[in-house]
Amino acid sequence: MARRNEEVAWLLNDIAELLALQGESPFRIRAYTEAARTIAAMAEDIEELHRQGRLEEIPGVGESIARKIAEYLVSGRLRYYEDLQRQVVPGAAELLRVPGIGPARAHLLLTRLGITSVAELRRAAQEHRLRELPGFGPKLEERIAREAARVGERSRRLLLGVALPLAEEVVTRLRAHPAVVAADPAGSIRRMRETIGDIDILAASAHPEEVVSAFTSLPMVQEVLATGPTRPSILTRDRLQVDLRVVAPGEYGAALQYFTGSKEHVVALRGLANARDWKLSEYGLFDHAGRRIAGRTEADVYHALGMDWIPPELRESRGEIEAAQRHALPHLVETTDLRGDLHVHTDWSDGHDSLERMVDAAVARHYQYVAITDHSPSLGVARGLTVERVQAQRRLIDRLRERYAPFCILHGTEVNILPDGSLDYPDAVLAGFDIVTASIHSHLDLPHDRMTARLVRALHHPYVDVLGHPTGRLLLRRPAYELDIEAVLRAAAAAGVAVEVNGQPDRLDLSDVWCRRARELGVLLVCTSDAHSTRQLGYVRYAVATARRGWVEPDGVVNTRDREALLAHLRQRR
DNA sequence: GCCGTTTTCGGCCCGACTGTTTTCAGTCG
């Protein structure tokens, strides 16, 4: 069965919104949103936990929420939820999507003016009926009218692979400025989330006005959206907004900690500070008398709170704080741990660059090996290699090997997994490759059970070494195929097949949460670029970032092994 | 509604900003 975590999370979030509209206690509302967030992010199957009677072990889930989840999972319905829906007019929840309207104002609009939709809200604002409400006035009314008209056109997110290079270019230029003591990307970019809302950058300086002026006159600036003493904002020529904050050097660590987030992580840390009668803010960590305990560096802040510094990729409130307190954080894999790339295309199929150029670029990255893995015949659009062309490619690679030794060129393939789970080359051909990655590129719409069976069958094929981009998702464009990822990972573990963490910015597949689960199940991962040009070899950094967000250590990644260990691993599979 | 170096009740992150107010409430990040 498909995992129902997301479904349960939606239910709990809906309940939170309905409670908000009823003017319920913010803490009660937060309890539901917290539980929803945890359930959506965790790898454990919510139904499995329910069967084992362990729902209350989920952080943030107590007796009441556990009972509601159980009722919903068993019957597909929840009386409490249906009662709430009856009490709140349908559609009213959309009021909360309007910036400037939170629970309190929505409740007021609903109960005092009977407004139940954004359209009604616009009309009421235009007719100046809002300004009569307590706490409302002409300016707020005007703002709500403006925002209500724009609802729906927002929420444009960026791929990490778009946002990060821009942020790094800005940071590099800022660091070169004499008034800048430090500068870093902050927010979800620093945490390497797969998609990014805002591009936030933090800088430390004793002369903020000079930094602001340098920032607003960067070469990529198209328009200055906001200036002011410490918080300028620009629009780049690519129409991307970048926000900068400049803080005093003594506050930089606390500010970086705060602006990196995640929100939940920061809240949890502040709670710990509270427990000691201290106070943590973006200005520093202060004791009960208001004396600064820490703030210059992030490490100071974490250490003062009795824990190890936590890598930004882990700051999602998924157990990292407890691990840091126990000094038991994972030693996360790094890009420099990689000894080679195992998924690379050339102009023999749909790559842009020649095989030789791809190998040269791999050598330039100080790798010990690279696997050339072009497509198989049934992928016509990508000029998949026929058996004859595979053999011609192998002759070329055999010739190049001497020239490049001791650098190791592996002849591999990214072979299509056909709808029935068989592969797109005969076994005799597959046997001749040094490494076989099997991926799905067609018939993406199979029903859940058939898709799962298709992948499991491919995993048990004797010549498959790696399962490529296992869920097929394309970020911001297409969700994962219908499949039971847990079952696929278990099959990969049983078959000893590694699973790819594909670094293409719109894939990042396997995702962070499933990387973590994969390692728990003993599945080996491979961090690859899936490069279609020499430049794209750099995409491995996004694969590594995704693995890091999944708590993955170097020994969980096959291509951290040196040449001899990798070859031994592959030979042993044959 | 959850949770416990503040333990079974009484807390639950902090500060900026805006707009409403005349000292504060709501929203946002």
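Lettering follows sequence order; numbering is per chain, from 1.
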Could you list the residues that satisfy side chain to side chain contact (heavy atoms under 4.5 Å, CB included) with L140(A), not counting sequence neighbours? R105(A), F136(A), I144(A)
If the C1' atom of dC13(B) is compared with that of dC28(B), how far apart are they to the nearest Å? 14 Å
Below 30° counts as parallel, above 60° as perpendicular, anything between as tilted: where do the rings of Y80(A) and Y32(A) land? parallel
Looking across every strand, which nucleic acid part, if any, lies under 4.0 Å from L269(A) by heavy atom: base, sugar-phosphate, or nothing? nothing
Return the set of residues passing side chain to side chain contact (heavy atoms under 4.5 Å, CB included) with A226(A) (not counting sequence neighbours), or none when no residue passes. S233(A)
Under 6.0 Å from the CD atom of E209(A), do we count more than 12 heavy atoms belonging to anything else shown? yes
Rounding to an integer number of Å, can you tell me how far H265(A) NE2 sits from dG29(B) C1'? 16 Å
To the nearest Å, how far apart are R270(A) CZ and dG11(B) C1'? 18 Å
Roughly, in whole Å, what's the span from CZ in R231(A) to C1' in dC28(B)? 10 Å
Mind checking side-chain hydrogen bond (donor to acceptor under 3.5 Å, both in side chains) for R54(A) and listing every partner two or more places apart, or none if nothing turns up? Q52(A), E57(A)
Considering every strand shown, what is the Watson-Crick or G-U wobble mate of dT8(B) when both distances are under 3.5 Å? none
Given P232(A), which of L244(A), L225(A), V221(A) fulfils the side chain to side chain contact (heavy atoms under 4.5 Å, CB included) condition? L244(A)
Which of residues 120-141 of chain A sit near DNA chain B, with a heavy atom under 4.0 Å from it? G135(A), F136(A), G137(A), P138(A), K139(A), L140(A)
I need the CG-P distance between D200(A) and dG29(B), as an integer number of Å. 10 Å
Using the P atom as the reference point in each nucleotide, state the distance between dT8(B) and dC3(B) in Å, no decimals. 16 Å
So, using side chain to side chain contact (heavy atoms under 4.5 Å, CB included) as the criterion, who are the partners of E142(A) when residues are at least two apart? R146(A)
Contact check, residues 243-263 of chain A vs DNA chain B, heavy-atom distance under 4.0 Å, returns Y258(A), K263(A)
R112(A) atom CZ, over 12 foreign heavy atoms within 6.0 Å: no
If I pick the P atom on dG26(B) and the same atom on dT21(B), what distance separates them, to the nearest angstrom? 13 Å
I'd like to know if the side chain of S75(A) reaches the main chain of Y72(A), judged simply by a donor and an acceptor atom lying under 3.5 Å from each other, with no hydrogens or angles considered. no
Using a cut-off of under 3.5 Å, enumerate the N/O to N/O pairs linking the protein to nucleotides 1-4 of chain B.
{"unit_1": "dG1(B)", "atom_1": "OP1", "unit_2": "R28(A)", "atom_2": "NH2", "d": "2.8"}
{"unit_1": "dG1(B)", "atom_1": "OP2", "unit_2": "R28(A)", "atom_2": "NE", "d": "3.1"}
{"unit_1": "dG1(B)", "atom_1": "OP2", "unit_2": "R28(A)", "atom_2": "NH2", "d": "3.0"}
{"unit_1": "dG1(B)", "atom_1": "O5'", "unit_2": "R28(A)", "atom_2": "NE", "d": "3.2"}
{"unit_1": "dC2(B)", "atom_1": "OP1", "unit_2": "G62(A)", "atom_2": "N", "d": "2.6"}
{"unit_1": "dC2(B)", "atom_1": "OP1", "unit_2": "G62(A)", "atom_2": "O", "d": "3.4"}
{"unit_1": "dC2(B)", "atom_1": "OP1", "unit_2": "I65(A)", "atom_2": "N", "d": "3.1"}
{"unit_1": "dC3(B)", "atom_1": "OP1", "unit_2": "G60(A)", "atom_2": "N", "d": "2.7"}

Please check if the side chain of T335(A) supplies one atom and the backbone of R541(A) the other of a donor-acceptor pair under 3.5 Å. no
Pairwise P distance, dT6(B) and dG11(B) [rounded to whole Å]: 13 Å
List in chain and number order the residues that pass side chain to side chain contact (heavy atoms under 4.5 Å, CB included) with E34(A), two or more places apart in sequence or in another chain; answer none if no residue qualifies. R30(A), R37(A), E264(A)
Using the P atoms only, state how far dG10(B) lies from dG15(B), rounded to an integer number of Å. 25 Å
Rounded to the nearest angstrom, tell me the gap between atom CG in N274(A) and atom P in dG11(B). 12 Å
Is R276(A) close enough to dT6(B) that one of its side-chain N or O atoms is under 4.0 Å from OP1 or OP2 there? no
Partners meeting side-chain hydrogen bond (donor to acceptor under 3.5 Å, both in side chains) with R123(A) (sequence neighbours left out): none
Could you give the distance separating dT22(B) and dC14(B) at their P atoms, to the nearest angstrom? 28 Å
Sub-3.5 Å pairs of nitrogen or oxygen atoms, protein against nucleotides 25-27 of chain B:
{"unit_1": "dT27(B)", "atom_1": "OP1", "unit_2": "G102(A)", "atom_2": "N", "d": "2.5"}
{"unit_1": "dT27(B)", "atom_1": "OP1", "unit_2": "G102(A)", "atom_2": "O", "d": "3.0"}
{"unit_1": "dT27(B)", "atom_1": "OP1", "unit_2": "R105(A)", "atom_2": "N", "d": "3.0"}
{"unit_1": "dT27(B)", "atom_1": "OP2", "unit_2": "A104(A)", "atom_2": "N", "d": "3.3"}
{"unit_1": "dT27(B)", "atom_1": "O5'", "unit_2": "G102(A)", "atom_2": "N", "d": "3.4"}

On a whole-Å scale, what distance lies between the P atoms belonging to dT20(B) and dT27(B)? 14 Å
Tell me, which pairs form a salt bridge (charged side-chain N to carboxylate O under 4.0 Å, His left out) where one or both residues lie in residues 320-333 of chain A, sequence neighbours left out? none
side-chain contact (heavy atoms from CB on, under 4.5 Å) between V501(A) and L508(A): does it pass, once the steps are laid out? CA-CA 6 Å; V501(A) 186; L508(A) 304 184; over 6 Å; no
Would you mind listing every side-chain hydrogen bond (donor to acceptor under 3.5 Å, both in side chains) that reaches into residues 286-295 of chain A, with sequence neighbours excluded? D287(A)-R291(A)
Roughly how many Å is it from CG in L108(A) to P in dG19(B), rounded to a whole number? 18 Å
